[in-house]
K.L.:
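Take a look at the following structure, please.
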Amino acid sequence: MKIKIVIIVISMFLLILGCIVVVEELTYSPLTENDFNNLFPNYDNSAKKKCDVDFIGLSLHGELFDIFTYELTDVTIDSCYPSITDSWTNLTESDELVISTWQRVPIDSLTLIRCIDIFDLGNYRGKKCCSSFVSELSNADNFYSYLYVNELEYYFFLFCPNKHYLYYVRKKGW
């Protein structure tokens, strides 16, 4: 009888723990409200994560190479933004740090060189929420920005005003 109770208690504990992990994974967002305020001058706390893809799959929150898609309400692009400080997602100290302001697509050659892994379009084939990212990279109505720390760590943003989508691609590691 005592063994049954212990097994039931352990099973309940594992079930609850499993539910917590699943909920945490589904609701996780690497961008905070403060991050969105740093990206857009009139951000109104309306970002909703639509989907995400972890390309490496070695961690719960995809800290190595992943893409997140957010849906926003009307926000504006300002040439003085992003207004990013060193508090950005535990940014690594670097002499190479470059913070680009919003620029209109097409993407310039220096950005292509700095963020080369992001533009390896083969990475996105067949992945949920990525097929539209590839087509949006050539849409002249869109804007991009990036934070380049070094060749192993950078963050790329693609904002699509017509669709109200923000694609956030981050690479942190090999």
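For the single chain, residues carry numbers from 1 onward in sequence order.
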K.L.:
Could you verify whether a donor N or O on one side chain and an acceptor N or O on the other, from D44 and S46, lie under 3.5 Å apart?
P.N.:
yes

K.L.:
Could you give the distance from CG (N150) to NZ (K171), rounded to the nearest 0.5 Å?
P.N.:
8.5 Å

K.L.:
Indicate whether the side chain of Y154 and that of R114 have a donor and an acceptor atom separated by less than 3.5 Å.
P.N.:
no

K.L.:
Less than 4.5 Å apart, side chain to side chain, heavy atoms only: is that true for F68 and R170?
P.N.:
yes

K.L.:
A side-chain contact here means heavy atoms from C-beta on lying under 4.5 Å apart; do V105 and L158 qualify?
P.N.:
yes

K.L.:
Compare all side-chain heavy atoms of F159 with those of L72 and state whether any distance is below 4.5 angstrom.
P.N.:
yes

K.L.:
Please give me the minimum heavy-atom distance between P106 and Y144, naming the atom from each residue.
P.N.:
O-CE2, 3.8 Å

K.L.:
For N42 and D74, work out which heavy atoms get closest and say how close.
P.N.:
ND2-O, 3.8 Å

K.L.:
For the NZ atom of K49 and the OH atom of Y70, what is their distance to the nearest 0.5 Å?
P.N.:
6.5 Å

K.L.:
Is there side-chain contact between T69 and C51, with heavy atoms separated by less than 4.5 Å?
P.N.:
yes

K.L.:
Taking S145 for the side chain and S100 for the main chain, is one N or O donor matched with an acceptor at less than 3.5 Å?
P.N.:
yes

K.L.:
Side chain to side chain contact (heavy atoms under 4.5 Å, CB included) for L39 and W102? Distances and angles first, verdict last.
P.N.:
CA-CA 9 Å; L39 291 170; W102 288 110; 4.3 Å; yes

K.L.:
Rounded to the nearest 0.5 Å, what separates atom CD1 in I107 from atom CD1 in I113?
P.N.:
13.0 Å

K.L.:
Run the side chain to side chain contact (heavy atoms under 4.5 Å, CB included) test on T73 and H164 for me, step by step, so that the C-alpha distance in whole Å, both residues' side-chain angles and the decisive distance to 0.1 Å come before the verdict.
P.N.:
CA-CA 6 Å; T73 56; H164 303 286; over 6 Å; no

K.L.:
Give the minimum heavy-atom separation between T101 and C80, together with the two atoms involved.
P.N.:
CG2-C, 4.3 Å

K.L.:
Are there over 12 heavy-atom neighbours, none belonging to L14, within less than 6.0 Å of that residue's CG?
P.N.:
yes

K.L.:
Answer with yes or no whether the hydrophobic clustering places F13 together with I10; edges join I, L, V, M, F, W, Y residues whose side-chain heavy atoms lie under 4.5 Å apart.
P.N.:
yes

K.L.:
For E33 and N45, work out which heavy atoms get closest and say how close.
P.N.:
OE1-OD1, 2.9 Å

K.L.:
Do L166 and L31 have side-chain heavy atoms sitting under 4.5 Å apart?
P.N.:
yes

K.L.:
Among K48, K50, K163, find the one that has a side chain to side chain donor-acceptor pair (under 3.5 Å) with E71.
P.N.:
K50

K.L.:
Does a donor on one side chain sit under 3.5 Å from an acceptor on the other, for Y43 and D35?
P.N.:
no

K.L.:
If we ignore hydrogens and angles and just use 3.5 Å, is the side chain of D78 paired with the main-chain N or O of P41 as donor and acceptor?
P.N.:
no

K.L.:
Got a second to check how far I116's CD1 is from E151's CD, nearest 0.5 Å?
P.N.:
12.0 Å

K.L.:
Do I67 and L112 sit in one hydrophobic cluster, given that two such residues count as connected whenever their side-chain heavy atoms are within less than 4.5 Å of each other, even indirectly?
P.N.:
yes

K.L.:
Check the pair T111 / Y148 against side chain to side chain contact (heavy atoms under 4.5 Å, CB included), numbers first and verdict last.
P.N.:
CA-CA 9 Å; T111 303; Y148 178 84; over 6 Å; no

K.L.:
Look at the aromatic rings of Y165 and Y167 and report parallel, tilted or perpendicular, splitting at 30° and 60°.
P.N.:
perpendicular

K.L.:
Less than 4.5 Å apart, any side-chain heavy atom of F40 and any of Y81?
P.N.:
no

K.L.:
Tell me whether the rings of F157 and Y168 are parallel (<30°), tilted (30 to 60°) or perpendicular (>60°).
P.N.:
parallel

K.L.:
Look up atom CG in N37 and atom OG1 in T32, then write down how far apart they are to the nearest 0.5 Å.
P.N.:
8.0 Å

